[in-house]
Structure formats: C-alpha cells, structure tokens
Amino acid sequence: MPQAINLALKTIMQKKQAIVFVSSRASAQKCALEIAKKIKQINLILPEQILDVSPTPTKQCKNLAICLKKEIAFHHAGLLQKQKEIIENEFRAGRIKVICATPTLAAGLSLPVFRVILRSLKRFSGNWGMNYIPVLEYLQMAGRAGRPEYEKFGEAISIAKDDAQKQEIHEKYICGKPEEIYSKLAVEPVLRTYILSLISSGIIRNNKTMLEFFSKTFWAHQFKDIPKLQSKLNEMLEKLQEWDFVHVVDNLNQETKESTNLEIKKEENKVTNNLKSNIKTNITSKFSDFVNATKLTKKQNKTKLNNNNHNEDKIFKATTMGKRISGLYLDPLTANHLITCLNKYQKQNNNQDLDSQTNNFQLLQMISNTLEIRPQLKVRTNDHELVQDAILKHHNILLQKEPDQYDLEYPQFLNSIKTTLFFQDWIDEKTQDNLFEKFKIAPGEINVKISIADWLFYACEEISHILKQKETIKDIRKLRIRIKNGVKEELLGLLKLSGVGRIRARKLHKNNIKNINDLKKTNQTAIGQIIGNKLAQDIKKQLGQEIIEIKPTKRKGQMSLSKFT
DNA sequence: GTATGCTGCGTTTAGACAGCATGTC
DNA sequence: CTAAACGCAGCATAC
C-alpha cells in the first residue's frame with residue numbers, strides 16, 4: 001500500500017502522470033484519498049465540475065471532489081458517466097495527475113500514461129478467494145504505460161508483497177504467455193440466442209444446415225468434438241421448442257409435431273441424457289464463465305421431447321413469438337420467464353383487484369430475476385430484515401414460484417427482492433443519495449439498472465402485445481415512464497411535456513400545479529417563478545397557448561457585444 | 001478538548017452488451 | 001488457484 005502511494009507521489013514530482021490499478025472500488029477510492037492527503041497544491045475548478053453533475057451528491061461524489069482538489073481521481077464503474085468523462089478528459093489534458101482505478105480503465109479507451117502502478121495482481125473470485133488475474137489483463141493494464149508522443153518509454157510497476165511473490169509474478173506475467181481466447185458461443189445464453197436468431201432469419205433451416213453452420217465457427221474449431229457439439233445444439237433446440245419459440249415441422253405436410261412422439265423416445269432419452277450431463281460438466285470446467293441455463297428456472301422434467309436427433313427431413317420454423325424474441329435480442333430463457341410471469345399476471349388481475357403498488361412490485365420483481373438485469377443488488381448482512389419483510393408481504397402474489405430456502409438459486413431470489421425494493425424506491429422519488437445510503441448502489445449503477453429495466457419492459461410490452469393482454473400493456477407503459485423518470489404516479493401527467501423531468505414536475509406539483517389543465521390555467525409568469533421564465537414560455541408554447549415574450553437575460557460572465565462595436 | 005493513530009473484528013470483493021427515439025438538472 | 005483489504009468502533013496517544 002505505501003509503496004503504491006509513494007510511487008504515485010514520485011511520479012508527480014517527476015512532473016509525469018500515473019495510473020494506479022487496484023482490485024476493488026473501495027480500494028480505488030481510498031487510495032486516491034490517501035494520495036490526495038499528501039498533496040498541498042489545490043485546484044478549485046475540477047471539484048465544482050464533478051459535483052455539478054448531480055443535484056444530490058453522494059458521499060462518493062464528495063470524496064471524488066476532495067481528491068480532485070489535489071488533482072487526483074479515482075475511477076470505477078460506479079461513477080456517473082459524466083464524471084468518468086471529465087476525469088478522462090482532464091487526465092488527457094494533464095490537469096489530473098494520478099488516477100486510482102479498477103480495471104475499467106484498462107479496457108477500451110486509450111489513456112496513455114508514463115507510469116502504471118499495479119498495486120496487486122490478485123483479485124477476488126467467488127470460489128477460491130484471492131487469485132491471480134489473467135495474463136491478458138495484466139498486459140492490458142501494463143500496456144497503458146508509455147505515451148508515444150511524449151515519452152521514449154513507459155513504466156509498468158507491479159508490487160509484490162515478498163520475495164516469493166516477486167518470483168511468481170516474474171514467471172507468470174513477465175515471462176508467461178497470455179491465455180487462449182475462448183469462444184463466447186460456449187456460453188449458453190449466447191448460444192440460445194444465436195440459434196433462435198439463425199432459425200428466425202432462415203439461415204438455419206434444418207438439422208443439417210444447423211450443424212454445417214456451427215461447424216464453421218470458432219467455437220467448433222476449439223471444441224473439435226462434433227458429436228458433442230451436435231448434442232449441445234440439440235439440447236438448446238429442444239428448449240426452444242419447449243418454450244414455443246421454434247416448431248420442428250415435417251417437411252412434407254408442414255404439420256406441427258412437437259407433442260406427438262413423446263412416449264416413443266423415452267428409453268432412448270435416458271441414454272442421451274447421460275451423455276448430456278457429461279458434456280455439461282466438461283464444458284463447465286473448460287470455460288470458467290459458463291452460465292448454466294437451467295439454474296434460473298425450476299428444473300424442467302428431464303425426459304422430454306428429443307425428436308430431432310435423427311430427423312434429417314424435419315425443418316425448423318420460428319413461431320411469431322420466437323421471431324419477435326429474436327428481434328428484441330432477448331435471451332430465450334428470459335423471454336420464457338417473462339411470458340410465464342405475464343400470463344400469471346394477467347390471470348391474477350382478472351381474479352382480484354390489487355393496488356398499483358402491488359402490481360408494480362410484481363412486474364419489477366419479474367425483471368429483477370432475469371440474467372439481463374445482473375448483477376442484481378446483493379443482499380448484505382444488514383439487509384436481511386428489509387428483504388424478509390418484503391417477502392412476507394408479497395409472497396402470495398409473486399409471479400414466480402418462491403424457491404426453497406435451501407435451493408441453490410435462493411440467494412438470487414433474495415437479491416431479486418432487494419433489486420425490486422430499489423426500483424420501488426426509485427419510482428417513489430428517492431434521491432440518488434438516499435438510494436446510495438440504503439442500498440449501497442453507486443450513482444453510476446442507478447442509470448445502468450434503469451436503462452436495462454426500461455429495455456426489458458419494452459420487451460414485455462411487445463410480448464404482451466402478441467399475447468393480446470391489453471390491460472397488462474397499460475400497466476407496463478405507465479411503469480416504464482415512471483422508471484425512466486423516477487417519479488410517483490401523480491406526476492405522470494406533467495411528464496408529457498418536454499423539458500420537464502422528475503425534479504421540475506415535483507416542483508410544479510408542490511406549487512399545486514398537478515396536471516396539464518392546471519398548467520393551462522396558470523399564467524406564464526407564475527410558472528416562470530417556479531421553474532424559470534425560459535421554460536415557462538416553452539411550456540406555454542407546447543400547450544398551444546399565447547406566450548409572453550421574455551427579454552433575453554444576460555448570463556453571468558457573458559460579455560456584451562456592444563463593447564466591441 | 002480534539003485531532004490522529006493503532007488494533008481488532010466483521011464484512012465485502014471488476015466490469016458490461018441488447019431495443020427505441022430523444023431530451024433531464 | 002483455497003485471501004486480502006476495507007470500515008468501523010473502541011481505545012491510546014499526541015498536541
């Protein structure tokens with residue numbers, strides 16, 4: 001720790017710039033603060049810029065401002081997009097001297113720097129505690145060092161805790177070779193999505209073309225074993241049939257044939273299923289990021305249709321729903337989850353009238369338990385009460401079945417509840433700062449979660465459309481606007497105006513202007529006093545009413561042209 | 001009296017691509 | 001490959 005800081009300070013004294021790579025967000029922040037503490041020089045412009053991006057700065061924003069005063073910054077995915085941009089630009093311009101960062105900065109954008117300091121080459125990995133990062137990542141980070149325009153060379157310094165580690169690092173990273181790159185197709189969600197998309201677009205029409213197509217991929221090239229590959233593909237295809245996204249029809253009479261020959265193949269299935277489980281373990285061990293599809297849903301009955309193994313004459317057809325799912329780039333597993341939940345939602349709401357808050361909880365929990373929303377907000381030790389209360393209150397109206405306490409997926413379920421509670425607070429107009437304190441969600445992540453939720457709900461709208469669920473569509477539309485803007489239901493009317501978001505709508509509402517009609521009845525000057533004259537004029541224009549011309553006011557610091565004429 | 005530092009214990013641990021159509025503070 | 005660093009509380013010490 002002190003070595004990294006000393007190296008950073010030394011770099012500044014040399015009038016050069018450094019990036020310190022660390023392995024957690026907290027470390028990045030702390031490291032930056034420690035360096036900043038030891039610097040005297042003060043810059044007042046940068047902190048102002050950083051704080052300006054949010055009306056309710058969190059502790060994180062404030063810490064960043066403290067660092068920037070000393071021309072130091074930290075950088076990780078929890079920062080707001082704008083803050084990241086400011087940091088990157090100011091660093092390029094040389095006004096920020098040191099950035100303490102997580103691996104965000106290693107990938108993608110180019111931020112050349114004189115010295116890269118790698119405080120630790122280990123990172124936490126769920127199963128095995130702290131572990132050495134891949135050589136590829138080391139190269140990424142070390143590769144930031146050296147600015148071809150200004151320097152003849154750059155430095156990448158790795159810090160070892162003792163001689164033994166020094167040796168290890170030298171062997172693994174300095175002398176070692178980078179790892180092989182593995183095909184992304186080996187990840188089940190990707191494979192599922194691709195097969196559906198290929199069938200939907202007609203590129204894959206039958207077993208033969210499917211095998212032909214995938215044999216040419218990088219995945220097959222690595223995998224080598226074609227029968228296994230075929231088996232994996234078939235497994236996916238079965239799922240797609242089971243979910244009704246793909247039909248396998250007879251080439252001759254085009255008749256759907258899914259459910260007819262279930263029984264006949266049972267015996268045969270026992271054999272293939274054994275084979276399949278072998279494959280699964282095989283792949284899992286080979287590809288560390290392999291995500292098992294079956295984990296998310298309840299165990300489906302294992303002996304199911306497997307009628308496409310030897311049917312060279314059958315052709316694959318995507319259903320209407322299948323095509324739409326593919327067009328939405330949704331993982332079929334997620335799509336199936338959404339469809340099941342939406343059907344239940346529809347049925348439940350026909351039987352009983354739940355209040356809109358409960359309805360929203362149902363819908364939010366539905367999307368909070370998808371692969372797409374991940375990472376979910378994690379239930380921490382102090383959150384258990386909060387989450388348990390919510391479960392108690394809602395367990396009988398959940399759209400999915402609550403998994404067993406001892407089930408492997410139970411923690412995920414708990415996380416989904418916490419994520420739901422976060423969304424609920426967001427549309428209850430809680431501030432960024434509130435959410436940060438209560439859920440420990442970083443400002444930058446709020447926006448990410450919201451845009452994913454919006455996308456998923458858009459997909460739900462499309463699905464409901466195909467399912468002809470008009471009431472559901474209505475609910476989702478409303479919820480989408482609320483999610484996008486983070487507002488209570490009562491502000492929905494005001495949001496129709498452009499230029500009005502959660503803050504301004506709330507201001508108007510507080511002043512007893514609660515809908516478009518109130519707005520029409522209020523005169524422009526009165527509105528102007530609440531949210532500014534310029535906007536008031538603009539709103540009147542949008543309402544199709546008479547407007548009062550306002551004199552353009554001189555902005556602070558703006559020079560009058562008359563001086564020069 | 002208050003700022004700073006040390007120790008011990010409990011807790012936590014990187015990141016990121018999808019659709020669609022524009023405009024929040 | 002089977003940890004390591006952070007944050008907080010409580011207490012000791014320095015000013």
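These figures come from a predicted structure and were not determined experimentally. First the proteins, then the strands, lettered A, B, ... as listed; each starts at 1.
Nucleic acid contact class of K484(A) (heavy atoms, under 4.0 Å, all strands): none. Within 4.0 Å (heavy atoms only), R506(A) reaches no atom of the nucleic acid at all. D454(A) comes within contact range of at least one nucleobase, with a heavy-atom separation under 4.0 Å. Using a 4.0 Å heavy-atom criterion, one finds that S451(A) contacts the bases of the nucleic acid, with or without backbone contacts as well. Counting non-hydrogen atoms under 4.0 angstrom, G499(A) reaches the backbone sugars and phosphates but no base. Within the 4.0 angstrom heavy-atom criterion, no nucleotide atom of any strand lies near V22(A).
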* Go through the steps for Q432(A) and T56(A) under the test side chain to side chain donor-acceptor pair (under 3.5 Å), then give the verdict. => CA-CA 6 Å; Q432(A) 243 184 46; T56(A) 53; 4.7 Å; no

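Residue-environment remark: NE2 (H465(A)) stays at or below the threshold of 12 foreign heavy atoms within 6.0 Å.
Taking side-chain N and O atoms only, T102(A) has a distance below 4.0 Å to OP1 or OP2 of dG15(B). In terms of phosphate contacts, R123(A) brings no side-chain nitrogen or oxygen within less than 4.0 Å of OP1 or OP2 of dA5(C). The side chain of S23(A) contributes no N or O atom lying less than 4.0 Å from OP1 or OP2 of dA14(B). A close approach under 4.0 Å does not occur between any side-chain nitrogen or oxygen of S125(A) and OP1 or OP2 of dC1(C).
With dC25(B), dA16(B), dC1(C) as the choices, the nucleotide that has an atom nearest any side-chain atom of P375(A) turns out to be dA16(B). The side chain of E137(A) lies closest to dA14(B), out of dA16(B), dA14(B), dC25(B). Of the candidates dG15(B), dA4(C), dA18(B), dA4(C) carries the atom nearest the M130(A) side chain, counting heavy atoms from C-beta on. Relative to the side chain of R25(A), the nucleotides dA3(C), dA18(B), dA14(B) differ in distance, and dA14(B) lies closest. Set against dT12(B), dA14(B), dC1(C), the side chain of P103(A) has dA14(B) as its closest nucleotide. Looking at the side chain of K161(A), the nearest of the listed nucleotides dC1(C), dA4(C), dT13(B) is dA4(C). In this structure, the nucleotide among dG19(B), dC25(B), dT13(B) sitting nearest to the side chain of F124(A) is dT13(B). When the nucleotides dA5(C), dG15(B), dT11(B) are ranked by their closest atom to the side chain of T104(A), dG15(B) comes out on top. The side chain of E372(A) sits closest to dA18(B) out of dA14(B), dA18(B), dC6(C). Closest to the R119(A) side chain, of the nucleotides dG23(B), dA5(C), dA16(B), is dA5(C).
In this structure, I133(A) atom CD1 and dC1(C) atom C1' are separated by 14 Å, rounded to whole Å. For N415(A) and dT13(B), the CG to P distance is 11 Å, given to the nearest whole Å. The separation between N382(A) atom CG and dT12(B) atom C1' is 12 Å, rounded to whole Å. In this structure, Y329(A) atom OH and dC20(B) atom C1' are separated by 13 Å, rounded to whole Å. Distance K82(A) NZ to dT24(B) P: 13 Å, rounded to the nearest Å. Atom NZ of K30(A) is separated from atom P of dT12(B) by 17 Å (rounded to the nearest Å). Whole-Å rounding puts the H75(A) NE2 to dA14(B) P distance at 15 Å. Atoms NZ (K440(A)) and P (dT13(B)) sit 11 Å apart, rounded to a whole Å.
Residue whose closest nucleotide on DNA chain B sits further toward the 5' end, between T381(A) and I373(A): T381(A). Nearest-nucleotide positions on DNA chain C for K59(A) and S120(A) put S120(A) closer to the 5' end.
Relative to the six-membered ring of W426(A), R502(A) meets both conditions, a distance below 6.0 Å and an angle of at most 45° to the axis.
Remark: dA5(C) base-pairs with dT11(B); criterion is Watson-Crick or G-U wobble with both hydrogen-bond distances under 3.5 Å. The partner of dA16(B) cannot be assigned: no Watson-Crick or G-U wobble pair with both contacts below 3.5 Å exists in any strand. Base pairing annotation: dA14(C) forms a Watson-Crick or G-U wobble pair with dT2(B), both donor-acceptor distances under 3.5 Å. Pair assignment for dA21(B) gives none, since no Watson-Crick or G-U wobble pairing has each distance under 3.5 Å.
Classification of the F214(A)-W219(A) ring pair by plane angle, with boundaries at 30° and 60°, yields perpendicular. Ring geometry, H76(A) versus F74(A): the interplanar angle falls under 30°, so the pair is classed parallel (tilted spans 30 to 60°).
A salt bridge links R123(A) with E137(A): at least one charged nitrogen is closer than 4.0 Å to a carboxylate oxygen.
Taking all atoms of both residues into account, the shortest heavy-atom contact from R192(A) to D331(A) is NH2-OD2, 2.6 Å.
The same atom, P, is picked in dC1(C) and in dA18(B); the two are 37 Å apart, to the nearest Å. Distance check on atom C1': dA14(B) versus dC6(C) gives 16 Å, rounded to whole Å.
Partner of L330(A) under the side chain to side chain contact (heavy atoms under 4.5 Å, CB included) criterion, chosen from L371(A), L338(A), T193(A): L338(A).
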